[in-house]
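Reviewing the structure listed below.
Indexing begins at 1, ligand by ligand and atom by atom, following the structure's order. In this text, all values refer to a predicted model and were calculated from it rather than measured experimentally. Note that the numbering runs from 1 along the sequence shown for the chain.
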Amino acid sequence: MFNYQGKAPTSLLSVKNLTRLYAPNTGAQDVSFELYPGEVLAIVGESGSGKSTLLQSLCGSVPPDAGQVIYQDTAGQSQSLYELSEARRRLLMRTDLGLVHQNPRDGLRLRVSAGGNISERLMAVGARHYGQLRATSTEWMRQVELDTQRIDDMPTQFSGGMQQRLQIARTLATAPRLVFMDEPTGGLDVSVQARILDLLRSLVREYQLSVVLVTHDLAVARLLSDRMIVMKDSRVIETGLTDQVLDDPQHAYTQLLVNSVLSF
Ligand SMILES: Nc1ncnc2c1ncn2[C@@H]1O[C@H](COP(=O)(O)OP(=O)(O)OP(=O)(O)O)[C@@H](O)[C@H]1O
């Protein structure tokens with residue numbers, strides 16, 4: 001996982017005083033943080049605290065009312081997400097960023113085969129050779145432990161857990177530099193959740209993924225993240241290394257959250 005030793009690297013994502021409010025204290029306000037390459041940052045908090053609003057603003061889908069989202073592109077240039085033209089922002093989102101939705105159906109094309117779902121993303125970044133697309137899609141199905149014999153099956157023929165694996169494969173196949181995950185195990189049975197979490201943990205390690213992960217589940221944050229942000233009523237109330245925050249929470253609300261979970 002992320003190594004904090006030595007010289008501080010340049011941040012991949014820099015969020016400055018981001019605000020998106022739907023009503024007073026409803027949404028996300030005055031959020032600032034840095035995300036470094038290879039780091040997994042969890043955003044936690046109870047339902048309605050503003051986690052998804054923040055994530056949507058970070059990944060380019062909901063413009064903030066104020067503040068900046070600055071992304072370091074492959075060429076090392078700082079790109080202020082909402083100061084780019086719509087076309088440039090879309091291109092950046094397609095080539096550099098990936099999003100795993102809570103509901104796999106939101107991140108899959110249901111009328112396209114499993115292999116087609118993965119190939120489509122590869123084609124969006126320029127891949128064209130049919131044999132190569134097929135081979136890469138097969139390899140990604142293997143990576144997420146899906147039966148490669150089912151490459152021509154439709155996602156609707158898959159179980160919820162299998163659909164989530166396919167969505168993860170589709171998202172990671174283009175090697176995004178930054179992956180956003182919104183409750184990636186949220187809608188699944190507990191046993192399926194555990195297996196998807198195992199998979200995500202090994203993929204994060206193997207590919208040194210940089211991830212912003214939204215979860216209300218502290219156990220998920222513990223398992224996957226290096227650092228965490230705790231939100232309440234639209235604001236960040238605590239931030240720090242995951243183990244530190246969970247083992248020694250400073251804010252009364254974080255203490256309550258941690259104490260409400262028996263063991264994790
Ligand atoms: N499009 C919208 N229009 C109006 N209010 C909204 C909109 N989206 C979110 N909100 C409100 O903003 C607040 C934060 O919602 P948000 O979905 O960001 O919270 P959350 O922490 O992700 O919650 P959950 O864990 O339940 O998904 C809530 O009070 C919600 O009702």
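The distance from ligand 1 to the heavy atoms of Ser52 drops below 4.0 Å at these ligand atoms: 17 (O), 18 (O), 20 (P), 22 (O), 27 (O). Numbered from 1 in the order shown, with element, the atoms of ligand 1 that lie under 4.0 Å from a heavy atom of Glu46 read 21 (O).
Residue contacts with ligand 1, taken as heavy atom pairs separated by less than 4.0 Å, involve Lys51 via backbone and side-chain atoms alike.
For the side chain to side chain contact (heavy atoms under 4.5 Å, CB included) test with Gln167, the passing option among Leu108, Leu99, Asn103 is Leu108; the others fail. Screening Asp152, Asp147, Asp153 against Arg150 for a side chain to side chain donor-acceptor pair (under 3.5 Å) leaves a single residue, Asp153.
Geometrically, ligand 1 and Ser47 share a nitrogen or oxygen pair separated by less than 3.5 Å.
The backbone N or O of Gln250 sits less than 3.5 Å from a side-chain atom of Glu238, completing a donor-acceptor pair. For the pair Asp189 (side chain) and Val192 (backbone), a donor-acceptor distance under 3.5 Å is absent.
Residues Leu209 and Leu172 are in side-chain contact: their nearest non-hydrogen atoms beyond the backbone lie under 4.5 Å apart.
In terms of protein heavy-atom proximity, atom 1 (N) of ligand 1 is nearest to Tyr22 CE2, 3.6 Å. Remark: minimum distance from atom 31 (O) of ligand 1 to any protein heavy atom is reached at Thr26 CG2, 4.7 Å. Closest to atom 19 (O) of ligand 1, if we only count protein heavy atoms, is Gly50 N, 3.3 Å. Among all protein heavy atoms, the one lying closest to atom 18 (O) of ligand 1 is Thr53 OG1, 2.5 Å.
Protein heavy atoms come within 4.0 Å of atom 3 (N) of ligand 1.
No side-chain N or O of Thr138 forms a donor-acceptor pair with one of Thr148 less than 3.5 Å apart.
Summarising the geometry of Val112 relative to Asn117, their closest heavy-atom pair is O-ND2, 3.0 Å, with the distance given to 0.1 Å.
The residue from Ala23, Gly45, Gly48 that puts a heavy atom closest to atom 23 (O) of ligand 1 is Gly48.
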